[in-house]
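All values below come from the heavy atoms of this structure, side chains included, with hydrogens, waters and symmetry mates left out.
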Amino acid sequence: MMLLQRNTTAFGARATRSAPKAVRSVSVRAYGPDRPLWYPGNPAPAWLDGTLAGDYGFDPLGLSSDPATLKWMVQAELQNARWAMLGAAGVLLTSIGAAVGLPFPEWYEAGAA
């Protein structure tokens with residue numbers, strides 16, 4: 001049994017075909033030596049060559065000048081982002097659970113006495 005009839009959508013309206021629209025593709029290359037810098041006019045440090053995502057040449061203390069430290073910082077940033085995503089999911093899921101009647105507290109009331 002077919003769920004949808006030919007030439008109809010899921011809501012029963014007639015599907016019509018229109019002429020294909022022209023698609024304009026825009027790509028931005030924000031890395032490499034010509035990338036935007038955090039302080040325009042000031043050269044980026046030599047060890048920040050624009051190959052990392054979000055590299056705008058900001059390292060005023062030279063913390064990432066050692067390649068091993070830079071690799072560790074990249075992995076630490078990924079780990080922090082994963083924890084942040086889990087935290088956001090926890091806020092959303094407990095709020096949705098409380099809204100549908102499950103015994104979850106709202107995230108902003110979780111530690112309240």
Side-chain angles (χ1 to χ4, degrees):
M1 182 174 155
M2 290 181 54
L3 295 177
L4 298 176
Q5 296 287 331
R6 189 172 183 208
N7 293 332
T8 60
T9 64
F11 300 109
R14 290 288 272 173
T16 59
R17 288 189 176 177
S18 60
K21 296 179 181 177
V23 177
R24 184 176 154 198
S25 177
V26 177
S27 64
V28 177
R29 185 174 181 184
Y31 55 90
D34 297 329
R35 70 192 183 280
L37 297 175
W38 75 279
Y39 190 67
N42 198 19
W47 55 88
L48 295 178
D49 56 359
T51 57
L52 296 173
D55 178 10
Y56 294 103
F58 182 79
D59 189 14
L61 300 177
L63 298 175
S64 61
S65 61
D66 179 34
T69 305
L70 180 62
K71 184 177 178 181
W72 184 89
M73 287 183 174
V74 167
Q75 294 303 314
E77 185 66 23
L78 288 173
Q79 189 65 30
N80 289 336
R82 291 173 182 145
W83 282 111
M85 288 186 278
L86 280 173
V91 166
L92 292 173
L93 292 176
T94 56
S95 294
I96 291 170
V100 297
L102 295 174
F104 292 135
E106 288 289 342
W107 66 271
Y108 50 84
E109 297 174 350

Correct closest heavy-atom pair for Ala44 and Leu37 would be CB-CD2, 3.8 Å
If you compare all heavy atoms of Pro45 against all heavy atoms of Gly57, which two are closest, and at what distance to 0.1 Å? CD-O, 3.4 Å
With a 4.5 Å cut-off on side-chain heavy-atom distances among I, L, V, M, F, W and Y, is there a chain of contacts connecting Phe104 to Val100? yes
In Å, rounded to the nearest 0.5 Å, how long is the span from CD of Gln79 to CD of Glu77? 11.0 Å
Are Leu61 and Trp47 joined in one hydrophobic group, where the rule is that I, L, V, M, F, W and Y side chains link up if heavy atoms are under 4.5 Å apart? no
To the nearest 0.5 Å, how far apart are CG in Leu63 and CZ in Phe58? 9.5 Å
Evaluate whether atom CH2 of Trp72 has more than 12 neighbouring non-hydrogen atoms of other residues, nucleotides or ligands under 6.0 angstrom away. no
If hydrophobic clusters are built by linking Ile, Leu, Val, Met, Phe, Trp and Tyr wherever their side-chain heavy atoms come under 4.5 Å apart, do Tyr108 and Val91 end up in the same one? yes
Are Tyr56 and Tyr39 grouped together when hydrophobic residues (ILVMFWY) are joined by side-chain heavy atoms under 4.5 angstrom apart? yes
Note: Ser95 and Glu106 closest approach over all heavy atoms is OG-OE1, 3.3 Å
Mind listing the closest non-hydrogen atom pair of Leu52 and Leu70 along with its distance? CD1-CD1, 3.9 Å
For the residue pair Ser65 and Asp59, what are the closest heavy atoms and their distance? N-OD2, 4.2 Å
Point-to-point distance, once rounded to the nearest 0.5 Å, from CG of Asn80 to CZ of Arg82: 10.5 Å
